[in-house]
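Sequence lines set the chain letters: A, B, ... in the order given, protein chains first and strands last, and positions in each chain run from 1.
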There are 4 protein chains.
Amino acid sequence: MEFKEQQSIFQQIAEHVIQQILTDEIKANDKLSSVRETAGKLGVNPNTIMRAYTELLNNNIIYNKRGIGYFVSESAKTTILNKRKKDFLTKDVPMFIGKIKMLNINKQELENIIKLIKK
Amino acid sequence: MEFKEQQSIFQQIAEHVIQQILTDEIKANDKLSSVRETAGKLGVNPNTIMRAYTELLNNNIIYNKRGIGYFVSESAKTTILNKRKKDFLTKDVPMFIGKIKMLNINKQELENIIKLIKK
Amino acid sequence: MEFKEQQSIFQQIAEHVIQQILTDEIKANDKLSSVRETAGKLGVNPNTIMRAYTELLNNNIIYNKRGIGYFVSESAKTTILNKRKKDFLTKDVPMFIGKIKMLNINKQELENIIKLIKK
Amino acid sequence: MEFKEQQSIFQQIAEHVIQQILTDEIKANDKLSSVRETAGKLGVNPNTIMRAYTELLNNNIIYNKRGIGYFVSESAKTTILNKRKKDFLTKDVPMFIGKIKMLNINKQELENIIKLIKK
DNA sequence: GTGGTCTAGACCACC
DNA sequence: GTGGTCTAGACCACA
């Protein structure tokens, strides 16, 4: 796994777990790979993994069994999708529309974009 | 002027200048308010203004007359719009479409969004 | 049996035994279910049961017959109740009063709480 | 400042800040002492302070100005008190009553406790 | 100066 | 074995 410069590593790791959940690579009640193991595999400090997992824990995407490990929450997928959808409708859509207006996108271009969207 | 937390202040200031150019509040060869004055008005460290102006300078949106001040470039508006349009088509549109697919936005929702876009 | 996250499992198991003693589900000189059996039943590591029983042993709530098992002490119930009562009066009551003051619980609310207590 | 063994240091530091807010030692929009300064003063690693402050940030008790520092939120005090009061009524009160019943506190003792509460 | 992130490595409680 | 906390020290972006 390679990391982008623009985002912190722990966020990218958290995001990666989320993607795995969304694509069913890991499912409800599956165990995440342990902090140390993940750290070794990604060539990253265990603290960094801890921070990523803590982030997911705070958002109820994973839970914790003492001395055993982290597990995907039953409701992880819906929790994630609900948040994403809300963000999309309240942030992305208005921003997208704002840009179209600001950039004076003409009719023809607009139609092309909408075609792409509908595909 | 109030600042959002998610973006650095100097970027927000640069963005603000760009918006003023796009809306013709300030036009080609107009002088920007001085670093010190702007800093005082916004309650911000002069270094921060400097950095915003440097950013604009590097993108050829403003130019500098030594000892006099910063001025809006002749080509500022087209420079900005070209870059924005390119970014919009190559980044925003694909990302927008990607999110629609990922979130399983259904037909009805999609139509509503497109209506908003067409307005 | 389900476990809370905030307290260690061995403590919850020990507490569970104590509750059984207090409610006379198990009485003086009754045999506790064996470490292995309990572990299997609760889906927990035998070490964890061991630790819970050791905890109870140290507090003279249970005793041990080598090769036979663990048994409820003659004085278990009174031992427990004495300790609990002392803790309640010296810790819980002062803390409860402290919180009432800190939170500015008003007269009406206070009366409601006292009604609940007296029931 | 001395730390107890039973609770993590970063939580005790966060709690200390909360106490300072509740007692008006620090008020809305006051700046907290910087991460490094606090770390030095308490003889603790800066990371530990960071973690305490991050905790408070997540609970909207403090906010953040880029490059400047952490500040007490306008609503910090009410946020804290609301949470505490809710916790008190939903957790402490039921537990307190539960203990009274479990311990067979007699009438006389109960009256004494209520007297203390009413003071 | 400020916070934010990360590493390396330690020690602890718990399972 | 697992996670949880902490230290010491580094480097970065930002004001």
Over how many whole Å does the gap from [X] atom [atom1] to [N] atom [atom2] extend?
X: Y53(A); N: dT5(F); atom1: OH; atom2: P; result: 17 Å
X: Q6(D); N: dC12(E); atom1: CD; atom2: C1'; result: 16 Å
X: E55(B); N: dA15(F); atom1: CD; atom2: C1'; result: 15 Å
X: E37(D); N: dG3(E); atom1: CD; atom2: C1'; result: 14 Å
X: M50(A); N: dC6(E); atom1: CE; atom2: C1'; result: 15 Å
X: Q7(D); N: dT5(F); atom1: CD; atom2: P; result: 11 Å
X: F3(C); N: dT2(F); atom1: CZ; atom2: P; result: 21 Å
X: I49(A); N: dT5(E); atom1: CD1; atom2: C1'; result: 14 Å

Working to the nearest 0.5 Å, report the span between NZ of K99(B) and CG of D92(A).
->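 Interatomic distance, K99(B) NZ to D92(A) CG, rounded to 0.5 Å: 3.5 Å.
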
Taking C-beta and beyond as the side chain, do I61(C) and I18(C) meet within less than 4.5 Å on heavy atoms?
->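 Contact flag for I61(C)/I18(C) side chains = yes.
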
Would you say Y53(A) and T38(A) make side-chain contact, with heavy atoms under 4.5 Å?
->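 A side-chain contact exists here, since the closest heavy-atom pair is under 4.5 Å.
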
Identify, between K65(A) and I9(B), the residue whose nearest nucleotide on DNA chain F lies closer to the 5' end.
->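 In this pair, the answer is K65(A).
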
With no angle test and no hydrogens, is the base of dG1(E) tied to the side chain of R36(D) by a donor-acceptor pair under 3.5 Å?
->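 Side chain to base: no pair present.
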
Using only heavy-atom distances, decide whether a donor-acceptor pair under 3.5 angstrom links the side-chain of N47(D) to the base of dG3(E).
->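 Looking at the base of dG3(E), it does not pair with any donor or acceptor on the side chain of N47(D) (distance under 3.5 Å).
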
Q19(B) versus E15(B), side-chain donor and acceptor atoms under 3.5 Å |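 The criterion, which ignores hydrogens and geometry beyond distance, is satisfied for Q19(B) and E15(B).
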
Indicate whether any N or O donor in one side chain lies under 3.5 Å from an N or O acceptor in the other, for Y70(A) and D30(A).
->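 Their side chains do not contain a donor-acceptor pair, so the 3.5 Å distance test is not met.
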
Using a 4.0 Å heavy-atom cut-off across all strands, classify F10(D) as base, sugar-phosphate, or nothing.
->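 Sugar-phosphate contact only.
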
Sugar-phosphate only, base, or nothing, as touched by V44(C) at under 4.0 Å among non-hydrogen atoms |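 Result for V44(C) = nothing.
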
Among the nucleotides [options], which one has an atom lying closest to any side-chain atom of [X]?
X: T48(D); options: dC14(F), dT7(E), dT7(F); value: dT7(F)
X: S8(C); options: dC15(E), dT5(F), dT5(E); value: dC15(E)
X: Y70(D); options: dG3(E), dT5(F), dC6(E); value: dG3(E)
X: N45(B); options: dA15(F), dT5(E), dT7(F); value: dA15(F)
X: R66(A); options: dG3(F), dC14(E), dG4(E); value: dC14(E)
X: I68(D); options: dG4(F), dA15(F), dC14(F); value: dA15(F)

Output yes when at least one side-chain N/O atom of R51(C) is less than 4.0 Å from OP1 or OP2 of dC14(E), else no.
->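 For dC14(E), OP1/OP2 do have a side-chain N/O of R51(C) under 4.0 Å.
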
Considering all heavy atoms, the nearest Y63(B)-L57(B) contact |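 Where Y63(B) meets L57(B) most closely, the heavy atoms are CA-CD1, 3.7 Å.
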
Identified pairing partner of dC14(E), criterion: Watson-Crick or G-U wobble below 3.5 Å =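 Partner of dC14(E): dG1(F).
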
Between G43(A) and G67(A), who's closer to the 5' end of DNA chain E by nearest nucleotide?
->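 Final value for this comparison: G43(A).
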
